[in-house]
Amino acid sequence: MERTLIAVEPDGPDWQVRIDHYAVARHVERAVAIARATEMARDCHASIGVPTGVRLRFRCGDNVLVGACG
């Protein structure tokens with residue numbers, strides 16, 4: 001089964017949490033955005049059972065998987 005990824009991406013000076021190209025939260029600090037995305041990924045996996053994860057895109061463009069559930 002394919003993993004559903006929740007993205008944490010830079011948005012100007014801020015950071016945002018995106019699900020399927022839709023911004024669902026915006027935060028000033030990267031750590032807060034990662035925590036919120038991790039919580040969403042955990043809740044999604046617990047409620048519907050699909051594998052989820054959090055993908056962090058750095059300002060330089062590199063992507064890193066920073067969390068996975070299932």
Looking at CD of E39 and CD1 of I6, how far apart are the two atoms once the value is rounded to the nearest 0.5 Å?
10.0 Å
d(I19 CD1, L5 CG) to nearest 0.5 Å is 11.0 Å
Same cluster or not: are V64 and V8 linked, directly or through other Ile, Leu, Val, Met, Phe, Trp or Tyr residues, by side-chain heavy atoms under 4.5 angstrom apart?
yes
I need the minimum non-hydrogen distance between A41 and T52, along with the two atoms involved.
O-OG1, 2.9 Å
Does a side-chain heavy-atom distance below 4.5 Å link M40 with V24?
yes
Which heavy-atom pair separates P10 from Q16 by the least distance, and what is that distance?
O-NE2, 4.4 Å
Under 3.5 Å, which donor-acceptor pairs do the side chains of residues 54-63 form with other protein atoms, sequence neighbours left out?
residue, atom, partner, partner atom, Å
R55, NH1, N63, OD1, 2.7
R55, NH2, E9, OE2, 3.0
R59, NH1, G12, O, 2.7
R59, NH2, P13, O, 3.3

Taking the side chain as everything from C-beta on, heavy atoms only, tell me whether P51 gets closer than 4.5 Å to T4.
no
Kindly give the heavy-atom pair with the smallest separation between R3 and G53, and that separation in Å.
CG-N, 3.9 Å
Could you report the tightest heavy-atom contact between C69 and R42, atom names first, then the distance?
SG-CA, 3.8 Å
Under 3.5 Å, sequence neighbours excluded: what are the donor-acceptor pairs made by side chains of residues 25-33?
residue, atom, partner, partner atom, Å
R26, NE, D11, OD2, 2.4
R26, NH2, D11, OD2, 2.4

